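Single-structure report; data block below.
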Number of protein chains: 2
Amino acid sequence: MKETKRKILDKSLELFNRDGFTTVSIRQIASELGISHSNLIYHFNTKNDIVIALHQELLEKAITLNETTIHHPNFIESLFNSTKNGFKILYQYRFLMIELNTILKENEKLKHIFIEIESIRAKMYRIVINRAIEEGYMREQEYDNEYDFFILTIKIFSDSWISSSEIYETTSSQEIIEKYCSLFVKLFFPYLTAKGKNEFLNF
Amino acid sequence: MKETKRKILDKSLELFNRDGFTTVSIRQIASELGISHSNLIYHFNTKNDIVIALHQELLEKAITLNETTIHHPNFIESLFNSTKNGFKILYQYRFLMIELNTILKENEKLKHIFIEIESIRAKMYRIVINRAIEEGYMREQEYDNEYDFFILTIKIFSDSWISSSEIYETTSSQEIIEKYCSLFVKLFFPYLTAKGKNEFLNF
DNA sequence: ATAATTTTAGGCCAAATGTACAAAAAAAAT
DNA sequence: ATTTTTTTTGTACATTTGGCCTAAAATTAT
């Protein structure tokens, strides 16, 4: 990637995370970089193009992560690790989640991509849960579609923990990620078997 | 309340919900009402003042609701009903939740109010859960602070189901509210006792 | 070395927004 | 009836923003 393009993406991410996507203008980004706004527009026509590029980056990082952690033998350990890594990456691009609705509203293209990915994620969770049941870590459903609802809950949590932390938390990024990470994995606890709960609490 | 003031609040709510808080300007609200923007400013100096007034309205409705439903004898029934009513009211003011971070970022006053209320809500949930345990509807904690974490989860869900629905759902308001309401109460299911689960599934 | 292409800068325009002020119109008080 | 107060309007200004066009500078290709 061209150096200027790279610099634009880095600075945009920094400013979006710091001041919010909506309030930061293309001109501000250019100004903070010490380049002309025309130059910035030459590389990215609109703010939306920048977001799409940043989102693409996030995606690639997430995919890389997935490939390295998916074939982990132990369910509990794998749950803890992949959550932590996933949360870390997401937090680097937190402006995306904080103003998700606004961003998707004016960016139909990104919205499609986003929904598509969420659907894939849901299927992946379904597979993971099924395997956890087979291996005796999670219990069977106690009513129809119980785990479909659970996956929906997970989805909502994943999409919104960053927004929530932005409002209520005042500690460091590190601590925030750990707190919500821990909260996320605890969502699974009540669905674990005795064996699963045991391993969980030992962690 | 003065008639004009009332009309401004109603129209603002309508436009904020429809087009998003950030994109709607004071001038647009005035224009849609057929009054001069100077007149609008006479009543509400800034958009933030309008939000605060709307939030106040939401609050008053929520408090009224609370007073009428809090002393319900049956835990399960009370959970279902108060959730449904609460969700309905919140959905009327959905723009608040959809752009919560943006709104609170530029409105320190509202942020304090919001955090204060959330803290009260958390305490209320704690009381409700304790009573549910005493009455044999919910099980005891299986590890330290389990219910504190659960309450945090509830809080995050309550703050974000509307944002999520805005992205993924295409059905009617009615159906959306019912869906997420049902999802919310299901969060409690794994923590119920056999007695609780039984009553729950009968509902 | 020169031509072609890519990258960068500067300036200008139109639209939108918040802010401020003065004056008209309406309503209320005396 | 006429003052006073409240409500409403019109207008003008400064700022910001995105969009567009042209030219200069830098880089690359021939």
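Lettering follows sequence order; numbering is per chain, from 1. Quantities reported herein were computed from a predicted structural model and do not represent experimental measurements.
Contacts of S36(B) with the nucleic acid, taken as non-hydrogen atoms under 4.0 Å apart, include base atoms.
Rounding to whole angstrom units, CD1 of residue I50(A) and C1' of dG18(D) are separated by 13 Å. Going from atom CD of E106(B) over to atom C1' of dG18(C) covers 13 Å, rounded to whole Å. For the pair E3(B) CD and dT6(D) C1', the computed distance is 15 Å after rounding to whole Å. Counting to the nearest Å, the P atom of dT17(D) and the CG atom of L40(A) are 13 Å from each other. The interatomic distance linking F44(B) (CZ) with dT19(C) (P) rounds to 16 Å, in whole Å. Residue K47(B) contributes atom NZ, which lies 15 Å from atom P of dA16(C) at whole-angstrom precision.
Under 4.0 Å is where a charged nitrogen must lie from a carboxylate oxygen, and between K84(B) and E178(B) at least one such pair does. Salt bridge status for R121(B) with E118(B): present, with a side-chain N to carboxylate O gap under 4.0 Å. Using a 4.0 Å cut-off between charged nitrogen and carboxylate oxygen, R139(B) and E142(B) count as a salt-bridge pair.
For the pair K155(B) and Y168(A), the cation sits on the ring face: its NZ or CZ lies under 6.0 Å from the ring centre, inside 45° of the axis.
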Enumerate the protein-to-nucleotides 5-7 of chain C contacts in which both atoms are nitrogen or oxygen and the separation is below 3.5 Å.
{"unit_1": "dT7(C)", "atom_1": "OP1", "unit_2": "K2(A)", "atom_2": "NZ", "d": "2.8"}
{"unit_1": "dT7(C)", "atom_1": "OP2", "unit_2": "Y42(A)", "atom_2": "OH", "d": "2.5"}

I'd like a table of atom pairs between the protein and nucleotides 19-22 of chain D - only N or O on both sides, under 3.5 Å - with the distance next to each one.
{"unit_1": "dG19(D)", "atom_1": "O6", "unit_2": "H37(A)", "atom_2": "NE2", "d": "3.3"}

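Regarding contacts with the backbone of dT17(C), a side-chain N or O of Q28(B) is found under 4.0 angstrom from either OP1 or OP2.
Interatomic distance, L100(A) CG to I98(B) CD1, rounded to the nearest 0.5 Å: 11.0 Å. Note that the CG atom of L40(B) and the CD1 atom of I35(B) stand 5.0 Å from one another [nearest 0.5 Å].
Checked against a 6.0 Å centroid threshold, the rings of F200(B) and F80(B) count as neighbours.
Taking 4.5 Å as the limit, some side-chain heavy atom of Y147(B) sits within range of a side-chain heavy atom of Y191(B).
Counting only residues at least two apart or on different chains, no ring pair (Phe, Tyr, Trp, His ring centres under 6.0 Å) pair has a member in residues 97-132 of chain A.
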